[in-house]
Structures are given as structure tokens and as C-alpha cells.
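Computation of the quantities below employed the complete heavy-atom set of this structure, encompassing side-chain atoms and omitting hydrogens, waters and symmetry-equivalent molecules. These numbers come from a predicted model, not from an experiment.
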Amino acid sequence: MPCITRRPSSGMLRAMRLHVDSSRCQGHNRCTVVAPGLFEIDDFGMSSPAGDGMVPPGEERAARLAVDNCPEYAISLTDD
């Protein structure tokens, strides 16, 4: 189920999707510490968004925290 949040200025609803740039990810796994349900870790310790990357309702703060805590700036969050 997609994440639906309200834009402060317009009141419109939006969905959010996580992305991980695999060329930047170094396997620090901070993302899984702050947002364990939003990421998967492969056998080499590299992360990827769980499922299709859509942020479930109530997980918006955790998604933003994961973006802010990535030391390699490998995680981004987009409106979908």
C-alpha cells in the first residue's frame, strides 16, 4: 500500500517511494537500523528498498530518517 501524506501548502495527497543507488551503497546498513521494514539487505550487506519501494502509511518519518542517515547519500525519496 503506498504512503499517502499531505503537502503542507496545498493539502494534496502524495505517495512516496524509496530508491537506493547501488553504485553508492557501501553496506553501512544505517537504513535498516532506523527503518527496518523499508529495506532489504542482500548476502553482501548491500541494501535495497523492500518490495517496490513504496513507503507504507505511518512510515514517512522513518523513510526520511533513513535518507538523512545514509553516509554515502545512496538513498533518495521521491513523490510517486
Side-chain angles (χ1 to χ4, degrees):
M1 174 172 267
C3 164
I4 305 296
T5 58
R6 292 199 180 273
R7 291 184 183 188
S9 59
S10 66
M12 294 176 58
L13 298 179
R14 67 177 177 168
M16 298 167 72
R17 184 183 302 265
L18 282 166
H19 305 272
V20 176
D21 182 343
S22 60
S23 68
R24 289 182 168 208
C25 180
Q26 296 294 307
H28 296 287
N29 295 314
R30 290 183 185 184
C31 54
T32 59
V33 171
V34 298
L38 298 179
F39 296 91
E40 298 174 349
I41 302 299
D42 68 14
D43 293 338
F44 301 102
M46 302 306 192
S47 71
S48 62
D52 62 0
M54 295 302 291
V55 179
E59 294 291 324
E60 303 90 346
R61 184 173 182 273
R64 288 185 188 100
L65 195 57
V67 171
D68 292 343
N69 277 278
C70 181
E72 305 301 332
Y73 304 103
I75 304 170
S76 60
L77 189 61
T78 59
D79 291 343
D80 197 49

Check: Honestly curious: do Ile75 and Leu77 fall in one hydrophobic cluster under the side-chain, below-4.5 Å linking rule?
Finding: yes
Item checked: Identified side chain to side chain contact (heavy atoms under 4.5 Å, CB included) counterpart of Arg17 within the set Thr78, Val55, Asp79 -> Thr78
Checklist line | Contacts of type side-chain hydrogen bond (donor to acceptor under 3.5 Å, both in side chains), residue Asp21, not counting sequence neighbours | finding: Ser23
Note to self: Rounded to the nearest 0.5 Å, what separates atom CZ in Arg30 from atom CG in Asn69?
What the structure shows: 6.5 Å
Check: Between Arg24 and Tyr73, is there a donor-acceptor pair closer than 3.5 Å when you use the side chain of the first and the backbone of the second?
Finding: yes
Check: Who pairs with Asp68 by side-chain hydrogen bond (donor to acceptor under 3.5 Å, both in side chains), at least two apart in sequence or on another chain?
Finding: none
Check: In Å and rounded to the nearest 0.5 Å, what is the OG to CG distance from Ser76 to Leu18?
Finding: 8.0 Å
Side-chain polar contacts of residues 32-52 - donor-acceptor pairs under 3.5 angstrom, sequence neighbours left out - could you list them?
| from | atom 1 | to | atom 2 | distance (Å) |
| --- | --- | --- | --- | --- |
| Thr32 | OG1 | Asn29 | O | 2.8 |
| Asp42 | OD1 | Phe44 | N | 2.8 |
| Asp42 | OD1 | Gly45 | N | 3.0 |
| Asp42 | OD1 | Met46 | N | 2.9 |
| Asp52 | OD1 | Met54 | N | 3.0 |

Note to self: Any side-chain to backbone donor/acceptor pair from Glu60 onto Gly58? Under 3.5 Å, distance only.
What the structure shows: yes
Note to self: Counting C-beta onward and ignoring hydrogens, is there a side-chain heavy-atom pair between Met16 and Glu59 closer than 4.5 Å?
What the structure shows: no
